[in-house]
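Notes for the one structure printed next.
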Amino acid sequence: MSTTPVRVRFAPSPTGPLHMGGVRTALYNYLFAKKHNGTFLIRIEDTDQTRFVPGAQEYIMDALAWCGIMPTEGPGLGGDFGPYVQSARKEMYRPYAEQLVAEDKAYYAFDSAEDLDRMRDQAKNMGMPNWQYNSVTRGSMRNSLTLPQSEVEQLLAANEPYVIRMKMPRNQDVRFHDLIRGWVVVNTNNLDDKVLFKSDGMPTYHLANIVDDHTMAISHVIRGEEWLPSAPLHILLYQAFGWECPEFAHLPLLLRPDGNGKLSKRDGDRLGFPVFPTNWTTAEGELYSGYRENGYLPAAFINMLALLGWNPGTTQEIFTLEELVDAFSLERVSKAGAKFDPNKTKWFQQQYLRALTDEQIAQTLISQNNLNVDPSRLAIICGLMKERATFAQDILQEGAYLLAEPSTFDAETIRKKWKPETTAFMQEWKQILTDLADFSAASIESAFKAFLEAKQVGIGAVLLPYRLTLTGVGAGPGMFDVTAFLGKAEVIKRMDQGMNAIEQILNETSN
Ligand code: GLU
């Protein structure tokens with residue numbers, strides 16, 4: 001690798017919230033920068049004013065902060081290469097476009113929107129549906145290459161609207177090496193004369209992107225595959241300016257879980273998983289749900305995203321951000337689209353939840369839910385429940401009976417599992433518990449085993465009914481732990497109440 005400092009950028013357009021594919025692009029830029037002791041910056045590409053969405057920039061910054069992959073240069077962050085929002089750099093682009101015109105590498109085009117529509121219609125009528133403004137057609141259009149110079153000067157002086165178009169060279173192979181895709185060759189006959197500078201005084205994405213990547217000293221352009229078709233034009237622009245090209249790496253698409261097509265913003269809520277890092281509400285009030293609000297831990301989200309298109313070459317799946325930085329390389333990013341797997345995403349979330357201490361989970365639950373509970377009691381509940389939970393919130397829902405006595409009982413399981421002799425077993429077991437001096441889980445367990453032994457019954461005949469009596473449901477964490485946690489007084493009280501409730505259910509059934 002060259003010795004120029006690594007500087008990479010994430011360059012979103014503020015046209016809406018950041019799709020998870022965009023977060024992955026930011027993440028790979030972040031990892032690459034950190035790995036090479038470089039700089040990761042963010043640049044807001046808002047040259048298309050018609051697609052500007054208020055709040056989108058703030059959303060993007062907030063989402064990156066939540067993910068823990070903040071750039072070190074960008075709007076509001078400072079840096080020596082600002083401003084980092086293209087509309088604030090507006091004045092600097094025109095001279096570059098004019099320079100290309102002066103050097104005969106670009107030209108003024110005065111064609112009106114109607115002129116262009118007419119050309120397209122004519123071409124369509126002649127069986128050519130994809131008319132382009134290019135090296136062939138430019139000769140019959142109204143531009144500074146076809147009009148006499150005096151007329152061009154007149155039009156400019158009269159403030160006639162114009163755009164500046166790239167004068168695409170004819171029949172030239174543009175070759176460049178993509179760090180993920182290898183050599184890419186495109187013939188310029190397949191490229192049109194893209195607009196570089198618009199009649200509203202703003203550069204297009206292409207010009208602004210090149211000028212900024214150059215003036216911000218970007219060493220590597222790491223971006224989505226959808227920009228690969230634009231890369232030859234970008235290479236030609238670097239050459240036209242006589243600037244050194246950055247390295248390019250075009251990342252694979254994120255595909256739907258069934259592998260059919262690109263993961264779109266509508267897929268998520270339709271198929272039951274978030275596509276955005278955090279919630280986004282459109283101006284029309286439509287909500288797109290986010291990973292954050294769905295209870296995902298940012299580290300789980302990031303770990304999952306890192307492996308969507310990159311692999312470490314080992315079987316390791318769980319990575320801290322630091323480990324990702326260490327292991328990451330563009331060489332191990334695949335060319336093929338990466339299928340998003342919502343179940344695997346939940347698996348990552350489970351792993352990260354389990355890795356938290358019981359106290360950490362308890363604190364999160366308390367602050368998220370404004371709970372008024374003893375943190376150390378809640379921590380024990382978290383310890384009992386976390387293996388069965390995907391999200392912290394599941395602990396409160398599925399373990400509600402650990403905080404308060406159950407208000408409902410699973411009638412179906414009761415009808416199936418409660419035998420005529422069960423009530424007598426429960427009464428005896430309750431007596432044993434009442435008499436038990438040491439109410440630790442271990443002591444409860446040995447008392448229970450001795451009881452089974454004495455009665456000569458299997459564990460299933462007593463343990464499930466006991467669980468139903470105490471918790472109302474047929475599954476949950478170890479009953480000896482639950483018993484010890486609730487304490488003797490609560491257990492005895494619940495057994496009485498539970499047996500009454502169960503009796504009622506059984507009576508209702510038999511009536
Ligand atoms: N503004 C482009 C986007 O919205 C950035 C493309 C690039 O990284 O060059 O994705």
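Order of appearance sets the numbers: ligands from 1, and atoms from 1 within every ligand.
- Salt bridge D104/K167: present, at least one basic N to carboxylate O contact under 4.0 Å.
- Among protein heavy atoms, the minimum distance from atom 8 (O) of ligand 1 is reached at R9 NH1, 2.7 Å.
- Among protein heavy atoms, the minimum distance from atom 4 (O) of ligand 1 is reached at S13 OG, 3.1 Å.
- Salt bridge K339/D341: absent, no basic N to carboxylate O contact under 4.0 Å.
- Donor-acceptor pairing under 3.5 Å is lacking for the side chains of Y162 and D111.
- Within the 4.5 Å cutoff, the side chain of S135 has no heavy atoms near those of the T188 side chain.
- Heavy-atom proximity to E45, at under 4.0 Å, picks out these atoms of ligand 1: 1 (N), 2 (C), 5 (C).
- Residue contact check for ligand 1: E226 places no non-hydrogen atom closer than 4.0 Å to it.
- By the 4.0 Å N-to-carboxylate-O rule, D46 lies too far from R51 to be salt-bridged with it.
- Using a 4.0 Å cut-off between charged nitrogen and carboxylate oxygen, D213 and R223 do not count as a salt-bridge pair.
- Of the options G224, A11, G22, the smallest heavy-atom separation from atom 2 (C) of ligand 1 is shown by A11.
- Counting protein heavy atoms only, atom 10 (O) of ligand 1 is closest to W227 NE1, 3.3 Å.
- When only non-hydrogen protein atoms are considered, atom 6 (C) of ligand 1 lies nearest to Y205 OH, 3.3 Å.
- Per-residue contacts place N209 under 4.0 angstrom from the following atoms of ligand 1 (heavy atoms of the residue considered): 7 (C), 9 (O).
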